[in-house]
Amino acid sequence: MTVHRGRWSLEDRLEDGLRELPFDVPPGTASVTVELSFEGGVIDLGCHGPDGFRGWSGGARRQYTVAAEWATPGYLPGELEPGTWHVWLGLHRIPPDGVPYEVKVTTSGTLPPRPDETPPPRPERPPRRDLPASDGMRWLAGDLHSHTVHSDGTLTVHELACLAASRGLDFLAVTDHNTVSHHPHLPAAGAHAGITLLPGQEVTTDLGHANVFGDTGWVDFRRPSADWAAFADARGGLMSINHPLSGDCAWRRPLPAASRPRFAEIWHPTWWDRRWGAPLAWADVWRPDGVVPLGGSDFHDPDQFKNVGEPVTWVLAEDGGAAGVLAGLAAGRTSISAGPDAPVLLRVDGELIALDADGTVLVRPDGRRAAVRGDRVLMPADGPGMHRLETHENEVIALCG
């Protein structure tokens, strides 16, 4: 057993917020268990082996096990290479009087029992909404921000997939914090529930969060934000700024204008009063040439006020697989509504179509406004830029990329 004890100070956090505590893994080791205890503050937990990243659970756990065939959610199973490993400690919140801590690392030559994960029954799906689309394409209903037990969510991947399908979604991006341990579980869970699960990672730091969509592999959250964007682009993924105006999770990371992604999570549950125009103003400043608006529920727990598919991001795609969703996102073919059956504004073949939005106001990128009269109204589009529908009280009810 290896034991590290000490006291982290506020000065320690300011000097370096991520600390690495070494431990040795001898040949023949079958499993490693790490236990963290501390008093006060918030300390995140992770793991790194000689061959690279092995997992992250942030502040959601104080213990994890890594073995050849199984690992605690958030961590990557696989053979334990002999050599020096490191426990990662993220000094997230350290009060002025410091935080005493202890880390115990136990290696074993025997495998831990594999937990049983029986998936829930396949859910019934409500009827799909029939939306007008270009020839050979269809609008897919999805949610681009969700979490499971692989970070700080409460549902397994199977449970989350079934919940999303029961809500009528066609796709769901599973974006656990700073890990990709959920990625191997997505194909089977998606096939079982009848939904496309898009691989994702919420790259999470104290100064801002970003989603990376696609099977890119692990994105190193320790690197500068420009490296996240370059990494995603080089591997066929897409990066989006998350909830840019969300309390202490607002985006405050430096990112050169040339590296700024086109995608931003404009509609997030923290935009609880959609008469508040700050997210739209932020988008205008972030990318004067136009932001592709995305929406996500940031779902964690059925007992929270958030629900999967609130809001819905609609993507116009040629097929319903992960590649089709990514292609539609990359092309900027997005629309956002408050829910699966809420009023929606679509861009189809150079026209805007407002559905179920009688009595609202269309706001164009240059600020011009026009009343919407009728439940299916066609209007010419103004080229690129974010259009929106508002109530007469300036509450945003739909966005269109």
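Quantities reported herein were computed from a predicted structural model and do not represent experimental measurements.
- Evaluated for a side-chain contact (heavy atoms from CB on, under 4.5 Å) with Phe299, the options Leu160, Leu172, Thr175 yield exactly one hit, Leu160.
- Scanning both residues, Leu238 and Leu326, for their nearest heavy atoms gives CD1-O, 3.8 Å.
- Salt-bridge annotation for Glu81 and Arg54: present, with a side-chain N of the basic residue lying under 4.0 Å from a carboxylate O of the acidic one.
- Shown here for Gly41 and Pro95, the closest heavy-atom pair between the two residues is CA-CD, 4.0 Å.
- Looking at Leu280 and Val396, their side chains come closer than 4.5 Å, going by heavy atoms from C-beta outward.
- Between the side chains of Glu265 and His145, at least one donor-acceptor pair of N or O atoms lies under 3.5 Å.
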Discussion item. Please evaluate residues Trp282 and Ile241 with respect to the criterion side chain to side chain contact (heavy atoms under 4.5 Å, CB included), reporting the C-alpha separation (whole Å), side-chain torsions for both, the decisive distance (0.1 Å), and the verdict.
Written reply: CA-CA 11 Å; Trp282 178 90; Ile241 302 301; 4.1 Å; yes

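- Asp366 and Arg364 are not joined by a salt bridge, as no carboxylate oxygen comes within less than 4.0 angstrom of a charged side-chain nitrogen.
- Side chains of Asn242 and His268: a donor-acceptor N/O pair is absent below 3.5 angstrom, by distance only.
- A 4.5 Å side-chain heavy-atom check between Asp12 and Arg19 finds at least one atom pair inside the cut-off.
- Residue Trp56 is tested with Tyr64, Tyr75, Phe221 for a ring pair (Phe, Tyr, Trp, His ring centres under 6.0 Å); the sole match is Phe221.
- Side chains of Asp301 and His147: a donor-acceptor N/O pair is absent below 3.5 angstrom, by distance only.
- Looking at Phe263 and Asn211, their side chains never come closer than 4.5 Å, going by heavy atoms from C-beta outward.
- Two rings, from Phe38 and Trp8, have their centers 6.0 Å or more apart.
- Using modelled atom types and a 3.5 Å distance limit, the side chains of Ser134 and Asp349 yield a donor-acceptor pair.
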Practice prompt. Would you sort out whether Arg125 and Arg128 count as a side chain to side chain contact (heavy atoms under 4.5 Å, CB included), showing the intermediate values?
Written response: CA-CA 8 Å; Arg125 171 183 289 279; Arg128 284 185 168 87; 3.6 Å; yes

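- Under a cut-off of 6.0 angstrom, the local environment of CZ in Arg252 is crowded, with over 12 non-hydrogen atoms contributed by other residues, nucleotides or ligands.
- Taking a 6.0 Å sphere around CD of Glu79, one finds it holds 12 or fewer heavy atoms contributed by other residues, nucleotides or ligands.
- Between Leu245 and Thr270 there is no side-chain heavy-atom pair separated by less than 4.5 Å.
- The local environment of NZ in Lys306 is crowded, with over 12 non-hydrogen atoms from other residues, nucleotides or ligands closer than 6.0 Å.
- Relative orientation of the Trp218 and Trp88 rings is tilted, given thresholds of 30° and 60° on the angle between their planes.
- Here the shortest heavy-atom pairing between Leu91 and Asp16 reads CD1-O, 4.0 Å.
- Ionic pairing of Asp382 and Arg368 is present here: one or more N-O contacts between side-chain nitrogen and carboxylate oxygen are shorter than 4.0 angstrom.
- Seen from the ring of Trp286, Arg260 counts as a face-on cation partner, given the 6.0 Å and 45° thresholds.
- No more than 12 heavy atoms of other residues, nucleotides or ligands shown are found within 6.0 angstrom of CD on Glu318.
- Looking at every heavy atom in both residues, Gly200 comes nearest to His183 through O-NE2, 2.9 Å.
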Item to complete: In sequence, state the C-alpha distance, the side-chain angles, and the governing distance for Leu186 and Val157, and then conclude on side chain to side chain contact (heavy atoms under 4.5 Å, CB included).
Response: CA-CA 7 Å; Leu186 300 182; Val157 175; 3.7 Å; yes

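- A 6.0 Å sphere centred on CG of Asp130 holds no more than 12 heavy atoms belonging to other residues, nucleotides or ligands.
- For Trp267, the ring-ring contact (aromatic ring centres under 6.0 Å, His included) partners two or more places apart in sequence, or in a different chain, are Trp271.
- Within the 4.5 Å cutoff, the side chain of Thr179 has heavy atoms near those of the Phe53 side chain.
- Crowding of Arg223 atom CZ: a count of heavy atoms from other residues, nucleotides or ligands under 6.0 Å not exceeding 12.
- Salt bridge present: Glu102 and Arg5 bring a charged side-chain N and a carboxylate O closer than 4.0 Å.
- No donor-acceptor distance shorter than 3.5 angstrom exists from the side chain of Asp233 to the backbone of Ala230, with no hydrogens or angles considered.
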Worksheet item: Can you list the steps and then say if Asp206 with Arg13 is a side chain to side chain contact (heavy atoms under 4.5 Å, CB included)?
Response: CA-CA 12 Å; Asp206 289 354; Arg13 182 191 186 280; 2.4 Å; yes

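- Listed for the Arg333 side chain is a donor-acceptor partner under 3.5 Å among the backbone atoms of Leu316.
- A side-chain N or O of His150 and one of Ser181 form a donor-acceptor pair less than 3.5 Å apart.
- Of the options Thr29, Thr107, Thr84, Thr2, a side-chain hydrogen bond (donor to acceptor under 3.5 Å, both in side chains) to Asp24 is made by Thr84 and by none of the others.
- Remark: the backbone N or O of Asp356 is not paired with any side-chain donor or acceptor of Asp375 at under 3.5 angstrom.
- Closest of all the heavy-atom pairs between Ala173 and Ser146 is O-OG, 2.8 Å.
- By the neighbour-count criterion of 12 heavy atoms within 6.0 Å, atom CD of Glu69 is sparsely surrounded, having that number or fewer from other residues, nucleotides or ligands.
- In this structure, a donor-acceptor pair under 3.5 Å is present between the side chains of Arg253 and Thr205.
- The environment of Arg7 atom CZ is dense: over 12 non-hydrogen atoms of other residues, nucleotides or ligands sit within 6.0 angstrom.
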